[in-house]
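Structure first, then comments.
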There are 2 protein chains.
Amino acid sequence: MSKNETRSANRKSDIISAAIEVFAETGYFRATTAQVAERAKISQPYIFRFFSTKEALLLTALEVSWTRIIDSFRKVVESASPEQLETDLIRAYEEILNTYQNEVLLQMQAQTIREDSIREAMRGGFREVRRMVLDAFRAAGIPNAEERTMLFLARGMLCNISAALLMPELMET
Amino acid sequence: MSKNETRSANRKSDIISAAIEVFAETGYFRATTAQVAERAKISQPYIFRFFSTKEALLLTALEVSWTRIIDSFRKVVESASPEQLETDLIRAYEEILNTYQNEVLLQMQAQTIREDSIREAMRGGFREVRRMVLDAFRAAGIPNAEERTMLFLARGMLCNISAALLMPELMET
DNA sequence: AAGATTAGTGATTCATCAATCAGTCAACCT
DNA sequence: AGGTTGACTGATTGATGAATCACTAATCTT
């Protein structure tokens, strides 16, 4: 029983990982469930045992990607010194961008998808990240915490684009 | 003859305008050429008299959208006082975001499309905008012109997301 | 070992779409 | 009037993709 649950959970996370890759590489709408299945080494119909629709799979993939960022930022916030806080957050995000580029690319795609459920997931992710950063900046006594939070997020978004388009000069200072 | 050219040019720009709307609303890959045709009030096959492929139409739409921004910024740069320069550029971009949201949404989509021709169009647009802003900041004697340019672009990108997701709080200071 | 539950797939369905083709219709020329 | 050109469309094609169905194989239970 627990063995089955484990195997099943592995299959599910295999599918999610495959979906993140394929969606990021090909574009969510152009990507096919057959491509995801091939990457996950299962048959195409089997995806629908775990996700009722392609969109449900996208939603789960987005949740994974937001959890990645939020967990990483939480660790920084809990341990960083006030002086190092912003630098450490930036470093943490750069680390994510290096290691999980596909998750970020998927989020970038989802920013322009108008389905309510997708939008809600994106709003929730941004809201939580912003809240965490803002609270941490305030707790660290950073002046103009609101503006600094906005600029931190803004920098991150430009960083995404710089990475997606392979234009490092966009981040030059 | 010139009458025909005019009619033909109108048709072409009708198609481009329709494509910007439909692609922005529905997503480029999900949008169909039939939807674009309906919006432009022509038949679906007629699109292919003007654009050899759907992708060629996207490329032209992207060029239009970049030209919009570049022309607008150029006017600001040519006329604004050094003290007002950044403020005026921000205002100009907000104006574009209000009036031509769909063009911006289309650019956001194109940021994650991996086709070479699309990427090249996006790189060219970003490069030109960055160059113009950087040169103007330098000419205005703004210190740390490189960093200020980066932050200006970053703010703009967050502004896009804030508008796309209907999250004004992302831009709060 | 037999029965029952779970893991997994092949084949199919029905819908959809970019692109092509073959043709109509109207305007203009002479 | 008749012929030529350019604007424009209906019908079609060939491919593709999400989702369903009807199965088989494997594992677990007792």
Side-chain angles (χ1 to χ4, degrees), chain A residues 1-62 106 109-110 113-115 117-118, chain B residues 1-62 106 109-110 113-115 117-118:
Chain A
M1 188 81 77
S2 82
K3 215 175 183 183
N4 284 346
E5 273 169 33
T6 300
R7 175 176 308 212
S8 168
N10 284 343
R11 283 298 186 224
K12 189 166 185 182
S13 73
D14 286 352
I15 294 171
I16 296 166
S17 299
I20 290 170
E21 287 181 27
V22 172
F23 290 171
E25 286 167 15
T26 313
Y28 168 69
F29 290 118
R30 190 173 35 168
T32 71
T33 56
Q35 289 174 297
V36 173
E38 189 182 1
R39 193 75 61 108
K41 292 170 190 164
I42 56 164
S43 69
Q44 180 261 341
Y46 199 41
I47 289 176
F48 295 88
R49 294 272 161 184
F50 298 91
F51 302 94
S52 60
T53 63
K54 189 187 174 190
E55 187 180 315
L57 174 55
L58 170 61
L59 252 176
T60 306
L62 284 175
L106 190 59
Q109 287 184 39
I113 297 180
R114 281 163 129 85
E115 308 297 312
S117 60
I118 306 296
Chain B
M1 189 82 76
S2 82
K3 213 175 185 182
N4 283 346
E5 273 169 32
T6 300
R7 175 177 309 213
S8 169
N10 283 343
R11 284 294 186 229
K12 189 167 184 181
S13 73
D14 285 352
I15 294 171
I16 296 167
S17 299
I20 289 170
E21 287 181 27
V22 171
F23 290 171
E25 286 168 15
T26 314
Y28 168 69
F29 290 118
R30 191 173 35 168
T32 71
T33 56
Q35 289 174 297
V36 173
E38 189 183 1
R39 193 74 61 107
K41 292 172 187 161
I42 56 162
S43 69
Q44 180 261 340
Y46 200 42
I47 289 176
F48 295 89
R49 294 272 162 185
F50 297 90
F51 303 94
S52 60
T53 63
K54 188 188 175 189
E55 188 180 314
L57 174 54
L58 170 61
L59 252 175
T60 306
L62 285 175
L106 190 60
Q109 287 183 40
I113 297 180
R114 281 164 128 86
E115 308 296 310
S117 60
I118 307 297

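Proteins get letters first, then strands, A, B, ... in listed order; numbering begins at 1 in each. Everything quoted here is computed from the prediction, not taken from an experiment.
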key: Under 4.0 angstrom between A/Thr33 side-chain N/O and D/dA18 OP1 or OP2   = yes
query = Tell me, which of residues 34-53 of chain A have any heavy atom that sits under 4.0 Å from an atom in DNA chain C?
reply = A/Ile42, A/Ser43, A/Pro45, A/Tyr46, A/Arg49
request  = Enumerate the residues from residues 14-29 of chain B whose closest heavy atom to DNA chain C is under 4.0 Å, giving them by residue number; use none for an empty result.
outcome  = none
message = Just to verify, what does B/Arg114 make a side chain to side chain contact (heavy atoms under 4.5 Å, CB included) with, not counting sequence neighbours?
response = A/Leu105, B/Arg119
remark   = Sorted by chain and number, sequence neighbours left out, side chain to side chain contact (heavy atoms under 4.5 Å, CB included) with B/Thr32 holds for B/Ala34, B/Gln35
Whole-Å gap separating C1' (C/dA18) and CD (B/Glu55) = 13 Å
request  = Could you tell me the separation between the NZ atom of B/Lys54 and the P atom of C/dA18, rounded to a whole number of Å?
outcome  = 5 Å
ask   = Are any non-hydrogen side-chain atoms of B/Ile47 and B/Val36 less than 4.5 angstrom apart?
value = yes
Using the side chain to side chain donor-acceptor pair (under 3.5 Å) criterion, which residues pair with [X]? Sequence neighbours excluded.
X	value
B/Thr33	B/Gln44
A/Glu55	A/Ser117
A/Arg30	B/Glu115

ask   = For the side chain of B/Thr32, counting heavy atoms from C-beta on, which of C/dC17, C/dA7, D/dA18 is nearest?
value = C/dC17
inquiry  = I want to verify a distance call: between D/dC8, C/dC17, C/dG8, whose nearest atom is closest to the A/Arg11 side chain?
reply    = C/dG8
ask   = Under the ring-ring contact (aromatic ring centres under 6.0 Å, His included) test, which residues partner A/Phe50, sequence neighbours left out?
value = A/Tyr46
Residues in salt bridge (Lys or Arg N to Asp or Glu O under 4.0 Å) contact with A/Arg39, at least two apart in sequence or another chain = A/Glu21, A/Glu25
